Amino acid sequence: QEQLGESGGGLVQAGGSLILTCAAAGRTFSNYAMGWFRQAPGLERELVAAISRSGGSTYYAVSVKGRFTISRDNAKNTVYLLMNNLKPEDTAVYYCAASSTLEATIRRRDYDHWGQGTQVTVSS
């Protein structure tokens with residue numbers, strides 16, 4: 001079973017960048033597709049980006065495509081989310097999650113391991 005822990009959140013000005021890191025404590029990290037979700041106050045938790053087990057395929061929400069990049073290092077049991085050109089509407093708690101599917105999946109119900117979340121705040 002994977003335990004996930006996010007880091008790298010913080011306060012940044014609009015147009016700035018952040019790198020979120022999710023470290024997995026387990027021996028089977030490469031057996032999981034990974035995803036980054038976010039949840040703003042009063043809104044549903046939404047998928048931001050996902051990556052397959054191998055890292056060979058990715059998915060991005062339309063709202064972040066071209067600005068965010070998801071990547072993973074299976075040797076380090078870590079998945080990253082590079083966020084560029086941040087906007088105030090990107091403000092949310094960001095969560096990483098693990099899915100036992102082979103490929104990157106957009107279905108929230110496929111993710112069965114979750115981190116505790118890290119706050120990202122973008123000021124205008």
Side-chain angles (χ1 to χ4, degrees):
Q1 185 168 350
E2 295 297 310
Q3 292 183 327
L4 306 174
E6 304 92 337
S7 61
L11 174 64
V12 64
Q13 288 188 330
S17 298
L18 282 174
I19 300 175
L20 302 184
T21 299
C22 174
R27 300 182 180 180
T28 59
F29 178 72
S30 59
N31 289 345
Y32 292 90
M34 299 297 294
W36 283 99
F37 289 75
R38 67 186 180 188
Q39 187 167 21
L43 298 180
E44 295 277 329
R45 189 172 298 189
E46 62 174 352
L47 179 66
V48 172
I51 190 166
S52 62
R53 293 184 186 184
S54 69
S57 65
T58 56
Y59 163 85
Y60 296 95
V62 170
S63 58
V64 307
K65 201 167 188 179
R67 299 188 297 123
F68 290 11
T69 302
I70 188 171
S71 61
R72 66 188 296 162
D73 186 337
N74 285 344
K76 295 182 178 179
N77 285 7
T78 303
V79 61
Y80 306 95
L81 185 68
L82 170 61
M83 304 185 294
N84 291 324
N85 190 22
L86 282 161
K87 304 176 181 181
E89 52 264 42
D90 294 319
T91 295
V93 177
Y94 283 71
Y95 300 87
C96 72
S99 167
S100 57
T101 56
L102 177 62
E103 298 298 334
T105 177
I106 65 173
R107 296 183 302 194
R108 182 175 169 181
R109 65 176 183 267
D110 287 338
Y111 292 89
D112 44 20
H113 302 285
W114 294 83
Q116 80 286 354
T118 185
Q119 176 70 47
V120 171
T121 303
V122 184
S123 63
S124 56

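Only heavy atoms go into these numbers, but all of them, side chains included; no hydrogens, no water, no symmetry mates. The structure presented is a predicted model; accordingly, all values stated were derived computationally and were not measured.
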A.B. asks: Just by modelled atom types, is the Thr105 backbone N or O under 3.5 Å from a matching donor or acceptor in the Thr101 side chain?
C.D. replies: no
A.B. asks: Same cluster or not: are Ile51 and Tyr60 linked, directly or through other Ile, Leu, Val, Met, Phe, Trp or Tyr residues, by side-chain heavy atoms under 4.5 angstrom apart?
C.D. replies: yes
A.B. asks: Write down the atom of Ala14, the atom of Pro88, and the distance for their closest heavy-atom approach.
C.D. replies: CB-CD, 4.1 Å
A.B. asks: Between Ser100 and Asp112, is the side chain to side chain contact (heavy atoms under 4.5 Å, CB included) condition met? List the steps.
C.D. replies: CA-CA 8 Å; Ser100 57; Asp112 44 20; 4.3 Å; yes
A.B. asks: If you round to the nearest 0.5 Å, how far is OH of Tyr32 from CG of Asn77?
C.D. replies: 11.5 Å
A.B. asks: Does anything in residues 81-90 form a side chain to side chain donor-acceptor pair (under 3.5 Å)? List the pairs, not counting sequence neighbours.
C.D. replies: Ser17-Asn84, Arg38-Asp90, Arg67-Asp90
A.B. asks: So Tyr94 and Phe68, would you call those rings parallel, tilted or perpendicular, with 30° and 60° as cut-offs?
C.D. replies: tilted
A.B. asks: If you measure from CZ on Arg107 to CG on Asp110, what distance do you get to the nearest 0.5 Å?
C.D. replies: 4.0 Å
A.B. asks: How about CG on Leu102, more than 12 heavy atoms from neighbouring residues, nucleotides or ligands closer than 6.0 Å, or not?
C.D. replies: yes
A.B. asks: How far does OH of Tyr59 sit from NZ of Lys65, to the nearest 0.5 angstrom?
C.D. replies: 8.5 Å
A.B. asks: Keeping Glu6 on the side-chain end and Gln116 on the backbone end, is there a donor-acceptor pair under 3.5 Å?
C.D. replies: yes
A.B. asks: To the nearest 0.5 Å, what is the distance between OG1 (Thr69) and CG (Leu81)?
C.D. replies: 8.0 Å
A.B. asks: For the backbone of Lys76 and the side chain of Thr78, can you confirm whether one donor and one acceptor N or O come within less than 3.5 Å of each other?
C.D. replies: yes
A.B. asks: Between the side chains of Ser57 and Glu103, does any donor sit under 3.5 Å from an acceptor?
C.D. replies: yes
A.B. asks: In the structure I gave you, are the side-chain heavy atoms of Val79 and Ile70 within less than 4.5 Å of one another anywhere?
C.D. replies: yes
A.B. asks: Determine yes or no for a side-chain-to-main-chain donor-acceptor pair under 3.5 angstrom, with Arg53 supplying the side chain and Met34 the backbone.
C.D. replies: no
A.B. asks: Out of the candidates Leu4, Thr118, Leu20, only one should pair with Cys96 under the side-chain contact (heavy atoms from CB on, under 4.5 Å) rule; please name it.
C.D. replies: Leu4
A.B. asks: Quick check: is Val122 connected to Trp36 through a chain of hydrophobic side chains (ILVMFWY, heavy atoms under 4.5 Å apart)?
C.D. replies: yes
A.B. asks: Same cluster for Val64 and Leu82 if Ile/Leu/Val/Met/Phe/Trp/Tyr side chains link at under 4.5 Å?
C.D. replies: no
A.B. asks: Once the angle between the rings of Phe37 and Tyr111 is folded into 0 to 90°, is it parallel (under 30°), tilted (30 to 60°) or perpendicular (over 60°)?
C.D. replies: perpendicular
A.B. asks: If you draw the axis of the six-membered ring of Trp114, does the NZ or CZ of Arg108 fall within 45° of it and under 6.0 Å from the ring centre?
C.D. replies: yes
A.B. asks: From Ser123 OG over to Leu86 CG, what is the distance, rounded to the nearest 0.5 angstrom?
C.D. replies: 10.0 Å
A.B. asks: Find out whether Val12 and Thr121 are in side-chain contact, i.e. whether some heavy atom of one side chain is under 4.5 Å from a heavy atom of the other.
C.D. replies: no
A.B. asks: Tell me every residue that passes side chain to side chain donor-acceptor pair (under 3.5 Å) with Thr91, counting only those two or more places apart in sequence or in another chain.
C.D. replies: none
A.B. asks: Who are the salt bridge (charged side-chain N to carboxylate O under 4.0 Å, His left out) partners of Arg45, not counting sequence neighbours?
C.D. replies: none
A.B. asks: Which atoms form the tightest heavy-atom contact between Gly115 and Tyr95, and what is the distance?
C.D. replies: O-CD2, 3.6 Å
A.B. asks: Under the side chain to side chain contact (heavy atoms under 4.5 Å, CB included) rule, what do Tyr80 and Asp73 come out as? Steps first, then yes or no, please.
C.D. replies: CA-CA 8 Å; Tyr80 306 95; Asp73 186 337; 4.2 Å; yes
A.B. asks: Report the distance from atom NE2 of His113 to atom CZ of Phe29, rounding to the nearest 0.5 Å.
C.D. replies: 12.0 Å
